[in-house]
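Below, chain A is the first sequence line, B the second, and so on; all start at residue 1.
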Number of protein chains: 2
Amino acid sequence: MVAETRERILEAADLLFYQRGFEATSFADIAGSVGISRGNFYHHFKTKDDILDGVINRRLTNTEQMLDRWEVTGADPAERIRSFIHILIVNGEKIRKFGCPVGTLSSELAKLNHAAQSDAAGLFTLFRSWLCRQFERLGFGEGSDELAMHVLGRSQGVATLANAFDDDGFLHREVDLMCVWLDDQIAQLGTS
Amino acid sequence: MVAETRERILEAADLLFYQRGFEATSFADIAGSVGISRGNFYHHFKTKDDILDGVINRRLTNTEQMLDRWEVTGADPAERIRSFIHILIVNGEKIRKFGCPVGTLSSELAKLNHAAQSDAAGLFTLFRSWLCRQFERLGFGEGSDELAMHVLGRSQGVATLANAFDDDGFLHREVDLMCVWLDDQIAQLGTS
DNA sequence: CTCAATCTAGGACAAACGTCCTAAATTGTC
DNA sequence: GACAATTTAGGACGTTTGTCCTAGATTGAG
């Protein structure tokens, strides 16, 4: 089944791009990881950029599904935002080892001047829009997008430093701070 | 003069590592940028890791000098912290194009499992210790290091997102927010 | 069962990589 | 001015890279 092999390739490439980076991952690495030949590989993806597109689209789909799930499971918008903040802890081990999958890919592609950089930034946009919607539901109106970007930025910074210093305590402290910040924002909303 | 050639190589490598990344920059790229032959190049640096070490040490020295300068020019510790926060704006154009030099290098080396990753993290430590010292002078005592890490993290997040979205407005808004946060911290310090 | 379409394996290709070598050119010292 | 040490240029090396090709294996439709 072509779809299965394609998916196995994308899964392996996704992981390797995250753990080693796009540039540092070769065709042979991915093929070896999947256990297929380079020739078979080429039948599914003509160029390295094709794999990158596939991986980004795969991540976009998976992220969308995750956000949709949170939309259902989260009791209220504030709780949903807290779910987002807590990915930092849920994925803490990976983040300390490899950083944030979204941020590090976006940074690398920006440096490579790669055409797919804007597609990778689309992953950020997915989170940004979702967070914005949650803030809107909480009643923040026009300021919602700026709050969404603020949360996104804070998360990125925490991921970068937790990775650089391999510091789990910092990660937890900053997650707590972000939750306090969120409560403050909601409290201030009531007093205006 | 050997020192001059060495310095010219390091300067070119520093810039290229920042703009394109370490892995994506080749010996030929650096030699071509300096205008010397690869053979000459090899006389100064035996391996690519040697250049990386040289670049990191160069950055460490330059950063230390910059922080020392701020120690003199900044009127008070709070003003000095504001100088730090405002590098985001001073280097705004570069950051939107290539991200933060410290954060992106650290992330890349972490993914490559490179031995020099901890050296690169030393650049963060330089800023961290300096910021910590400023907070201590302001009277934050034991909490100073956590505040330093918080500022460092916020800056990293702002740089990552400003780069991903090439967004100058976001960068300015977040710098303002960080200054407000700083004033709040100092104000709260007085009321306890 | 047949045959066309699809999938797979493995090798070939030029280019680029980091590394190393040799031989000139330049420099500094007596 | 002579000579040793340093600096420079440029090519050679083995590997790895992304890409491409051909031929056999597998699959599915009639």
**Q** Starting at CG of A/D49 and ending at C1' of D/dT17, how long is that distance when rounded to a whole Å?
**A** 14 Å

**Q** Residues two or more places apart in sequence or in another chain: which of them pass side-chain hydrogen bond (donor to acceptor under 3.5 Å, both in side chains) with B/D14?
**A** B/R58, B/R59

**Q** Under the rule for side-chain hydrogen bond (donor to acceptor under 3.5 Å, both in side chains), what residues qualify as partners of A/E136, not counting sequence neighbours?
**A** none

**Q** Within this structure, what is the CD1-to-C1' distance between A/I9 and D/dG18, rounded to whole angstrom?
**A** 15 Å

**Q** Once you round it to whole Å, what is the distance between C1' of D/dC20 and NZ of A/K48?
**A** 17 Å

**Q** Measuring to OP1 and OP2 of C/dT6, would you say a side-chain N or O of A/H44 lies under 4.0 angstrom away?
**A** no

**Q** Test of understanding: with side-chain hydrogen bond (donor to acceptor under 3.5 Å, both in side chains), list the residues that count as partners of A/D167, not counting sequence neighbours.
**A** none

**Q** Should B/L105 and B/V55 count as side-chain neighbours, where that means a heavy-atom distance under 4.5 Å?
**A** no

**Q** Using a cut-off of strictly less than 4.0 Å, decide whether A/S26 has a side-chain nitrogen or oxygen near OP1 or OP2 of D/dT16.
**A** no

**Q** Under 4.0 Å from any atom of DNA chain C, heavy atoms only: list the residues of residues 27-42 of chain A that qualify, in numerical order.
**A** A/I36, A/S37, A/R38, A/G39, A/N40

**Q** Who passes ring-ring contact (aromatic ring centres under 6.0 Å, His included) against B/F135, sequence neighbours left out?
**A** B/F140

**Q** Whole Å only: how far is the NE2 atom of A/H43 from the P atom of D/dA23?
**A** 17 Å

**Q** Measure the distance from NZ on B/K46 to C1' on C/dG18 and round it to the nearest whole Å.
**A** 14 Å

**Q** Please state whether the phosphate of D/dT8, meaning OP1 or OP2, lies under 4.0 angstrom from any side-chain nitrogen or oxygen of B/T5.
**A** yes

**Q** Can you sort out the partners of B/S118 under side-chain hydrogen bond (donor to acceptor under 3.5 Å, both in side chains), two or more places apart, ordered by chain and number?
**A** none

